[in-house]
Amino acid sequence: MAQDLRGKRVLVTGASSGIGRAAAKAFAGAGASVLVVARSEEKLDALAAEIGGPPKAVPLPADVADGASMAALAEEVLLRYGPPDVIVAGAGIGMDARFAETSDDDFRRVLEVNVLGVLRTIRPFLPAMVARGSGRILLISSVVGKRGVPNYTAYSASKFALHGMADALRPELYGTGVTVGIVCPSSTSTEFDTRKIRAGIAQPRVRVQRHTPESVAAALVRMARSTRREVVLSVEGKFMSWANRWAPGLLDIVLAKALVKKRG
């Protein structure tokens, strides 16, 4: 039976743009109250006003890469609202660089946002969600969290980490009423691509399918209403997962020819 989201409280990180922004609007459209989190107070205020303002949409500026900032956010949310019914860990950063051109600092930055940022988003609320006996946690991974691809070493690693995190969490939370789901989009048409870290020579870009932020947001709403473990959104992503399971060596060759630019 699908969960009714009307009257539920949903916390969304990365809500100032892209998938996070679309998700906040989609959950509000489904009748939920949204707590929207991002670094830009100006963008959050504009989003909250567009949705209808408090209590339907509450802007909460914070930085997932800053432990103190997220701890203060969690303390405020728990004090004012209690634990969210749904958490959408949507904040993320990309990186386009070959393995040999990925610096320690850039790798660390990607992990800081995409992995530790998710940990900081979820961890403070878990005890109260478990005590309440209900809750839904949604992580936004990627096709490249199912199969690593050239030029995305750090980003792929960060998204693979989310699957490990979810796999560990599920048995820890078994029987508590709190469940974990992962949504794996393929390439999505947002400004995320223009803001990613880049290093080294430009590499070929092949995009078989692009989602819109709204289509990914709709998938997040569907996942919030269910207890489904995982969904891969594109045919491209499903094929890559299948090929990686049954013919990984062949997929290596295909990806090398399609995505690796040889130095002249």
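- Residues forming a salt bridge (charged side-chain N to carboxylate O under 4.0 Å, His left out) with E75 (at least two apart in sequence, or on another chain): none.
- Residues near F160 contribute nothing to a hydrophobic cluster around it, because no ILVMFWY side-chain heavy atom sits closer than 4.5 Å to its side chain.
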Please tabulate, for the side chains in residues 242-249, all donor-acceptor contacts under 3.5 angstrom to protein atoms that are two or more places apart in sequence or on a different chain.
residue	atom	partner	partner atom	Å
N244	OD1	R147	NH1	2.8

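- The pair R21-E214 does not count as a salt bridge, with every side-chain nitrogen at least 4.0 angstrom from each carboxylate oxygen.
- Taking 4.5 Å as the limit, every side-chain heavy atom of R228 sits out of range of all side-chain heavy atoms of R222.
- The side-chain hydrogen bond (donor to acceptor under 3.5 Å, both in side chains) pairs that include a residue from residues 55-64 number zero, where partners must be two or more places apart or lie in different chains.
- Ion pairing between D252 and K257 fails under the 4.0 Å rule for side-chain N and carboxylate O.
- The side-chain contact (heavy atoms from CB on, under 4.5 Å) test with V183 singles out one residue from V231, V88, V232, and that residue is V231.
- At a threshold of 4.5 Å between side-chain heavy atoms, the hydrophobic network of Ile, Leu, Val, Met, Phe, Trp and Tyr places L173 and M129 in one connected group.
- Taking CD of E42 as the start and CG of L47 as the end, the distance is 12.5 Å to the nearest 0.5 Å.
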Please evaluate residues Y155 and D96 with respect to the criterion side-chain contact (heavy atoms from CB on, under 4.5 Å), reporting the C-alpha separation (whole Å), side-chain torsions for both, the decisive distance (0.1 Å), and the verdict.
CA-CA 8 Å; Y155 187 68; D96 186 349; over 6 Å; no
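- Side chains of V216 and T212 form no contact here, defined as non-hydrogen atoms less than 4.5 Å apart.
- The side-chain heavy atoms of V10 and L35, taken from C-beta on, include no pair separated by under 4.5 Å.
- The salt bridge (charged side-chain N to carboxylate O under 4.0 Å, His left out) check on R9 picks up nothing, with sequence neighbours excluded.
- For the side-chain contact (heavy atoms from CB on, under 4.5 Å) with T179, the qualifying choice from M223, R136, R229 is R136, the only one to do so.
- Between L139 and H163, the closest side-chain pair of non-hydrogen atoms is not below 4.5 Å.
- A 4.5 Å side-chain heavy-atom check between R120 and V64 finds every atom pair outside the cut-off.
- By the side-chain hydrogen bond (donor to acceptor under 3.5 Å, both in side chains) test, S142 is found to be paired with no residue, residues two or more places apart in sequence or in another chain being considered.
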Show your working on salt bridge (Lys or Arg N to Asp or Glu O under 4.0 Å) between D106 and R109 and close with a plain yes or no.
CA-CA 5 Å; D106 285 343; R109 172 63 178 165; over 6 Å; no
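- Criterion: ILVMFWY side-chain heavy atoms under 4.5 Å apart, direct or through other members. Under it, L162 and L119 are not part of a common hydrophobic cluster.
- The residue from R225, R6, R132 that alone fulfils the salt bridge (charged side-chain N to carboxylate O under 4.0 Å, His left out) condition with D85 is R132.
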